[in-house]
Amino acid sequence: MKEFHSCKAAIDACIAQKYFAIAHLYFEEKTMNIHIHDCYEVYYSISGGKQFLIDNKSYGIEPGDLFFINQYESHHLTQIEQGELDRIVLSIHPDFLKQLSTPNTAMDYCFQYRNPGFSHRISLDKDQQQRFMYYIHKLTSLSGYAEDVMERAVFTEFMVFLNKAFFSQVKAKDEQVNISYQYDEQVNEILEYINQNIASPITIDHLANQFYLSKSYICRIFKLATGTTINKYLTARRISIAKSLLSEGMYVNEVCEKCGFRDYSNFLKAFTKAVGVSPKKYALYNAR
C-alpha cells in the first residue's frame with residue numbers, strides 16, 4: 001500500500017476507493033479549520049503535540065496517544081508545536097469496515113461506542129506502540145503475489161488489535177467513571193450550553209448575555225481554549241448533526257431546522273462547502 005505524506009491526499013484516496021489509506025506525517029501540515037469528513041479517522045501520535053478538539057471535548061496529546069474519530073464528529077488539531085510533529089493518520093471508509101464485520105464482531109466498535117463520559121483517546125503502552133508500528137510497516141511494505149489478499153488480511157487483524165485496545169480502556173474508564181477531558185470552567189459551560197441548545201438560534205451576543213460576559217472576552221477565551229471561533233464551531237457541529245440526521249432518512253428541510261439553521265440557503269451553502277455535496281445528494285448516497 002502507498003504511504004501518503006498528506007492527510008488530505010489520504011482522505012481523498014480513502015473516499016474515492018471506499019477502502020483505507022495511511023498517511024505518515026513528519027512535519028507540520030497547514031492545519032485545517034474545524035472540519036468533518038466522510039471517513040473514519042485513527043490518529044496516532046508518535047512525537048506528541050498540544051491539543052485536539054473533537055466535538056465538545058479537548059485533549060492534550062502525548063506520544064503513544066491514539067484517537068478514534070467517526071464521520072459525524074467535527075475535529076480540529078490546535079496549538080501545534082512548530083517543526084517536527086511525527087504522527088500517523090489512518091482514513092477508513094465506513095462501508096469497508098461494515099464488509100469486514102460479522103454478526104458477532106463489529107469492526108467499527110471503536111468508532112460507534114459513544115456512551116456518556118467516553119474518551120476518543122486511548123494511550124498505548126510500549127508493547128502496544130510497537131505492535132501498532134508493526135502493522136503500519138507490514139501494510140506499507142507488502143508487495144508481490146496476492147498483495148491485495150494479504151493487505152486485507154493484515155488490516156483486518158490490525159482492526160481487531162485496535163478494537164481490543166479501545167475496549168479494554170473503555171471498560172476500565174467505565175468502571176472508574178474517569179472522564180479524560182478538561183476545559184477552563186467557563187468555556188466548558190459555554191460548550192455544554194451550545195450543545196444543549198444547538199437547534200436554537202445562538203449568537204455571540206446571546207452567549208455573552210447568557211453568561212454575563214463581554215463579547216470580546218467570550219470570543220477570546222473560547223478561541224484560546226478550543227483553537228477555533230464560536231461561529232466556526234457552531235457551523236461544524238450543526239453540519240455534523242445534519243449528516244447524522246440525513247443518514248437516518250430525515251427530510252432535508254426538517255434537518256435544516258433540527259440542526260439550528262433558520263435559513264435554507266445558508267444551510268445549503270455551509271453544508272455543500274464543508275461536505276463537498278449538497279444535503280440532498282448526501283442523503284441520497286448515505287441513507288442507512
Side-chain angles (χ1 to χ4, degrees), residues 1-25 29 32 34-44 52 54-55 66-77 87-114 120 132 135-136 138-140 142 147-167 236 239-249 271-288:
M1 164 165 281
K2 176 183 178 181
E3 183 178 81
F4 292 91
H5 297 291
S6 162
C7 195
K8 184 179 184 305
I11 291 169
D12 290 345
C14 166
I15 293 172
Q17 299 169 18
K18 291 191 174 182
Y19 196 46
F20 74 95
I22 299 171
H24 193 164
L25 310 174
E29 193 175 26
M32 290 186 279
I34 188 166
H35 61 284
I36 47 180
H37 39 69
D38 292 329
C39 55
Y40 296 139
E41 180 175 313
V42 177
Y43 180 102
Y44 175 67
F52 219 153
I54 307 174
D55 278 352
L66 190 63
F67 296 84
F68 297 92
I69 306 165
N70 70 34
Q71 75 272 43
Y72 304 119
E73 292 169 330
S74 54
H75 51 287
H76 178 43
L77 199 60
R87 70 269 194 210
I88 290 171
V89 179
L90 273 77
S91 300
I92 309 167
H93 199 282
D95 290 349
F96 178 58
L97 276 193
K98 285 180 182 178
Q99 293 172 22
L100 298 182
S101 298
T102 71
N104 294 324
T105 305
M107 296 295 275
D108 59 357
Y109 173 80
C110 53
F111 301 107
Q112 297 300 324
Y113 178 92
R114 294 299 183 262
H120 295 88
F132 183 95
Y135 284 117
I136 294 297
K138 184 79 171 176
L139 287 167
T140 55
L142 288 169
E147 177 184 344
D148 57 338
V149 175
M150 288 298 298
E151 189 173 89
R152 189 183 181 101
V154 172
F155 180 77
T156 301
E157 186 178 331
F158 188 23
M159 284 307 307
V160 170
F161 161 74
L162 293 176
N163 275 292
K164 281 185 173 180
F166 179 83
F167 177 76
I239 291 172
S240 179
I241 293 167
K243 290 178 67 179
S244 181
L245 294 176
L246 289 168
S247 296
E248 291 170 4
F271 189 96
T272 304
K273 181 179 179 181
V275 182
V277 296
S278 70
K280 288 183 179 179
K281 285 187 178 179
Y282 184 85
L284 179 64
Y285 295 116
N286 292 275
R288 294 171 185 169

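These numbers come from the heavy atoms of this one structure, side chains and all, not from hydrogens, waters or symmetry mates. From a predicted model like this one, the values you see are computed outputs, not experimental measurements.
For the pair Val275/His37, no side-chain contact is recorded, criterion being any heavy-atom separation below 4.5 Å from C-beta on. Between Phe167 and Lys164, every side-chain heavy-atom pair lies at or beyond the 4.5 Å cut-off. Using a 4.5 Å heavy-atom cutoff, the side chains of Leu246 and Pro279 are in contact. The side-chain heavy atoms of Leu90 and Phe155, taken from C-beta on, include a pair separated by under 4.5 Å. Annotation: side chain of Val277 is not in contact with side chain of Thr272 (no heavy-atom distance under 4.5 Å). Between Pro94 and Tyr40, the closest side-chain pair of non-hydrogen atoms falls below 4.5 Å. Side-chain atoms of Phe96 and Arg152, non-hydrogen and from C-beta on, do get closer than 4.5 Å to each other. Between Phe111 and Ile92, the closest side-chain pair of non-hydrogen atoms falls below 4.5 Å.
For the atom pair OH (Tyr282) and CG (Asp38), the distance works out to 4.5 Å, reported to the nearest 0.5 Å. Note that NE2 of His75 and CG of Asn70 are 10.0 Å apart. Values are rounded to the nearest 0.5 Å. Note that CG of Asp108 is 12.0 Å distant from CZ of Phe68, once rounded to the nearest 0.5 Å. Here the CG atom belonging to Leu97 is positioned 11.0 Å from the SG atom belonging to Cys39, to the nearest 0.5 angstrom. Atom CD of Gln71 is separated from atom OG of Ser247 by 7.0 Å, given to the nearest 0.5 angstrom. Remark: Leu142 CG to Asp148 CG distance equals 10.0 Å, nearest 0.5 Å.
Ring-centre distance between Tyr44 and Phe67: not below the 6.0 Å cut-off.
In terms of the salt bridge (charged side-chain N to carboxylate O under 4.0 Å, His left out) criterion, residue partners of Glu73 (sequence neighbours excluded) are, by chain and number, Arg114. Partners of Ser101 according to the side-chain contact (heavy atoms from CB on, under 4.5 Å) rule, which considers only residues two or more places apart in sequence or in another chain, are Met107.
Classified by interplanar angle (parallel below 30°, tilted 30° to 60°, perpendicular above 60°), the ring pair Tyr109/Phe166 is perpendicular. Relative orientation of the Phe161 and Phe158 rings is parallel, given thresholds of 30° and 60° on the angle between their planes.
Considering all non-hydrogen atoms of both residues, Ala236 and Ile36 come closest at O-CD1, 4.5 Å.
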Going through the distances and angles, do Phe271 and Lys243 end up as a side chain to side chain contact (heavy atoms under 4.5 Å, CB included)? CA-CA 9 Å; Phe271 189 96; Lys243 290 178 67 179; 3.8 Å; yes
Please report the C-alpha distance between Val89 and Phe4 in whole Å, then the side-chain angles of each, then the deciding distance to 0.1 Å, and finally whether the side chain to side chain contact (heavy atoms under 4.5 Å, CB included) criterion is met. CA-CA 9 Å; Val89 179; Phe4 292 91; over 6 Å; no
Dump the intermediate steps for side chain to side chain contact (heavy atoms under 4.5 Å, CB included) on Asn163 and Thr105, then the final yes or no. CA-CA 10 Å; Asn163 275 292; Thr105 305; over 6 Å; no
What do the steps show when you test Tyr43 against Ile88 for side chain to side chain contact (heavy atoms under 4.5 Å, CB included), and what is the final call? CA-CA 6 Å; Tyr43 180 102; Ile88 290 171; over 6 Å; no
Enumerate, atom names and distances included, each donor-acceptor pair closer than 3.5 Å involving a side-chain atom of residues 9-25, sequence neighbours excluded.
residue, atom, partner, partner atom, Å
Asp12, OD2, Lys8, NZ, 3.0
Tyr19, OH, Glu151, OE1, 2.7
His24, ND1, Tyr26, OH, 3.2
His24, NE2, Asp86, OD1, 2.8

